[in-house]
Amino acid sequence: MKRTLVSLLAAITLLSTAHVQTRDEFNGGFSLQWSWKLPDNDPFCTLFDNAVSFGGSSMTITTRDGGMFQQFNSHKNVPTLRVSGDIPEEWYIETVFRTDWSTVPVVFYTQAGIVITTGARNYFQVLITRDATGQTETVNGSTNSEQDDNFAWGARVTNTWTPDDQWMGVRIERVAGEEPYIVLKFRHSLTNGWREYDGFNGGRYYPDSPFYQHIMSMLSQGARIGVYTDNACGCGLAQPFEFDYFETNLPLLPVGDVDANGIVDDADLLAVLFAFGSSGDCLDEDVNLDGTVDDADLLAVLFNFGAGG
């Protein structure tokens with residue numbers, strides 16, 4: 001009996017500290033509290049040039065010129081979610097996407113994947129990138145990082161492979177234990193699921209790693225996490241990347257939290273009411289990001305009232 005009670009208490013404790021998996025499948029639009037705003041970027045509202053569209057179960061972002069490289073900080077179409085609350089010991093972020101790589105010139109490091117950021121001057125990216133170094137029809141897993149506009153290439157972390165028209169994905173996760181670490185994983189049609197190491201470098205960062213410290217510092221500051229696309233050429237290449245889903249177990253701002261204080265409350269309701277009828281890109285009160293503050297945004301706040309508290 002005593003052993004049963006101990007086991008039950010342990011299970012309750014585990015459940016009380018667990019973080020729920022959150023997933024957006026982009027079914028005709030966003031279902032989470034996404035934002036197109038990116039601090040330290042020009043434009044601050046990155047939604048640009050009708051380059052984003054939604055299908056029945058996916059989101060397509062077509063690359064535009066601009067970047068987050070060093071002092072350029074002029075990227076376009078970067079949707080992110082705000083992390084809010086205590087960071088779990090074990091967390092992950094993943095997304096899956098596809099594109100027609102045959103239309104990407106072999107001389108450009110065109111890429112897509114995940115971004116963790118507090119703004120255009122500070123970020124960490126996990127990407128699948130055209131192998132412009134070898135100038136072949138292949139791609140590879142890679143990372144980029146910046147702290148206060150100081151760029152650090154995280155190096156290639158996988159072997160190259162020849163992409164097809166199937167989904168491919170990137171994942172970053174923290175594994176707890178006596179010696180915790182952050183690990184990168186990739187998937188494509190040849191990997192049979194997520195794979196950490198394919199014989200080339202790999203990406204595993206321990207607490208003494210600058211990348212580990214940078215990532216954990218950003219998350220503790222309420223980082224933004226999201227998907228990232230980049231033509232990496234400034235040449236006008238409009239390459240469409242189709243994203244199937246975005247998933248994480250990190251705590252996020254709830255839908256309807258207009259003022260981003262971690263709870264949907266009277267202040268959010270009043271903000272939507274005062275802005276009712278307004279239109280434009282990147283309005284905080286436009287909860288569903290359709291360009292107009294209307295009944296749908298009001299209902300989103302009402303249905304989620306009290307969430308996050």
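Please read these numbers as outputs of a predicted model, since none were measured by experiment.
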For this session: Kindly check if the number of other-residue, nucleotide or ligand heavy atoms within 6.0 Å of CD (Gln70) is above 12?
Result: yes
Determine whether [X] and [Y] make a side-chain contact, defined as any pair of heavy atoms from C-beta on separated by less than 4.5 Å.
| X | Y | result |
| --- | --- | --- |
| Pro79 | Ile61 | yes |
| Thr129 | Arg156 | no |
| Leu219 | Phe124 | no |
| Asp149 | Gln71 | yes |
| Trp34 | Asp24 | yes |
| Val115 | Val227 | no |
| Thr63 | Asp230 | no |
| Phe30 | Val287 | no |

Same cluster or not: [X] versus [Y], using hydrophobic residues (I, L, V, M, F, W, Y) connected whenever any side-chain heavy atoms lie under 4.5 Å apart?
| X | Y | answer |
| --- | --- | --- |
| Val83 | Met218 | yes |
| Leu184 | Ile215 | yes |
| Phe243 | Leu289 | yes |
| Val139 | Phe108 | no |
| Leu127 | Leu38 | yes |

Any donor-acceptor pair under 3.5 Å from [X] side chain to [Y] backbone:
| X | Y | answer |
| --- | --- | --- |
| Asp131 | Gly134 | yes |
| Gln33 | Leu81 | no |
| Arg224 | Gly119 | no |
| Thr292 | Asp294 | no |
| Asp198 | Phe200 | yes |
| Glu242 | Arg98 | no |
| Asp42 | Ser74 | no |

Could you tell me the separation between the [atom1] atom of [X] and the [atom2] atom of [Y], rounded to the nearest 0.5 Å?
| X | Y | atom1 | atom2 | value |
| --- | --- | --- | --- | --- |
| Asn304 | Leu299 | CG | CG | 10.5 Å |
| Gln111 | Tyr228 | CD | OH | 6.0 Å |
| Asn144 | Tyr109 | CG | OH | 11.0 Å |
| Thr60 | Asn77 | OG1 | CG | 12.0 Å |
| Phe211 | Thr143 | CZ | OG1 | 5.0 Å |
| Ile182 | Met216 | CD1 | CE | 6.0 Å |

Problem set entry | With Leu273, the side-chain contact (heavy atoms from CB on, under 4.5 Å) member among Val293, Leu298, Asp297 | Leu298
Exercise. Does Arg121 come within less than 4.0 Å of Glu146, counting only side-chain N to carboxylate O?
Worked result: no
Problem set entry | Worked verdict on Asp100 versus Ser102 for side-chain hydrogen bond (donor to acceptor under 3.5 Å, both in side chains) | CA-CA 5 Å; Asp100 180 2; Ser102 69; 2.5 Å; yes
Exercise. Does the side chain of Gln213 come under 3.5 Å of the side chain of Tyr205 through a donor N or O and an acceptor N or O?
Worked result: no
For this session: Consider only side-chain N and O atoms of Ser31 and Glu25, and report whether a donor and an acceptor are under 3.5 Å apart.
Result: no
Which atom of [X] lies closest to which atom of [Y], heavy atoms considered:
| X | Y | value |
| --- | --- | --- |
| Phe186 | Thr191 | O-OG1, 4.4 Å |
| Gln166 | Asp164 | N-OD1, 2.9 Å |
| Thr99 | Pro240 | OG1-O, 2.5 Å |
| Trp36 | Thr46 | O-OG1, 2.7 Å |
| Gly199 | Asn159 | C-ND2, 4.0 Å |
| Ser142 | Val157 | N-CG2, 3.9 Å |

Exercise. What residue among Arg204, Arg171, Arg187 forms salt bridge (Lys or Arg N to Asp or Glu O under 4.0 Å) with Glu196?
Worked result: Arg204
Plane angle bin for [Y] and [X] - parallel if under 30°, tilted between 30 and 60°, otherwise perpendicular:
| X | Y | result |
| --- | --- | --- |
| Phe241 | Phe97 | perpendicular |
| Phe54 | Phe26 | tilted |
| Phe69 | Phe72 | parallel |

For this session: Give the intermediate values and the outcome of side chain to side chain contact (heavy atoms under 4.5 Å, CB included) for residues Ile116 and His214.
Result: CA-CA 10 Å; Ile116 302 172; His214 183 39; over 6 Å; no
Problem set entry | side-chain hydrogen bond (donor to acceptor under 3.5 Å, both in side chains) between Asp40 and Asn122, intermediate numbers included | CA-CA 9 Å; Asp40 303 320; Asn122 292 276; 5.1 Å; no
For this session: Apply side chain to side chain contact (heavy atoms under 4.5 Å, CB included) to the pair Glu285 and Ser278, showing each step before the final yes or no.
Result: CA-CA 9 Å; Glu285 300 82 6; Ser278 301; over 6 Å; no
For this session: Please report the C-alpha distance between Met59 and Val52 in whole Å, then the side-chain angles of each, then the deciding distance to 0.1 Å, and finally whether the side chain to side chain contact (heavy atoms under 4.5 Å, CB included) criterion is met.
Result: CA-CA 7 Å; Met59 171 180 65; Val52 181; 4.2 Å; yes
For this session: Start with the C-alpha gap between Tyr245 and Glu94, add the side-chain angles, then the distance that decides, and say whether side-chain hydrogen bond (donor to acceptor under 3.5 Å, both in side chains) holds.
Result: CA-CA 8 Å; Tyr245 70 86; Glu94 68 180 50; 2.6 Å; yes
For this session: Might you work through the salt bridge (charged side-chain N to carboxylate O under 4.0 Å, His left out) test for Lys37 and Asp284, ending with a clear yes or no?
Result: CA-CA 10 Å; Lys37 294 181 178 180; Asp284 290 333; 2.7 Å; yes
For this session: Please assess Val175 against Glu173 for the test side chain to side chain contact (heavy atoms under 4.5 Å, CB included), listing each intermediate value before the final yes or no.
Result: CA-CA 6 Å; Val175 179; Glu173 64 181 83; 3.8 Å; yes
For this session: Report the C-alpha distance between Asp49 and Arg64 in whole Å, list the side-chain angles of each, state the deciding distance to 0.1 Å, and finish with yes or no for salt bridge (charged side-chain N to carboxylate O under 4.0 Å, His left out).
Result: CA-CA 8 Å; Asp49 196 29; Arg64 294 291 187 262; 2.7 Å; yes
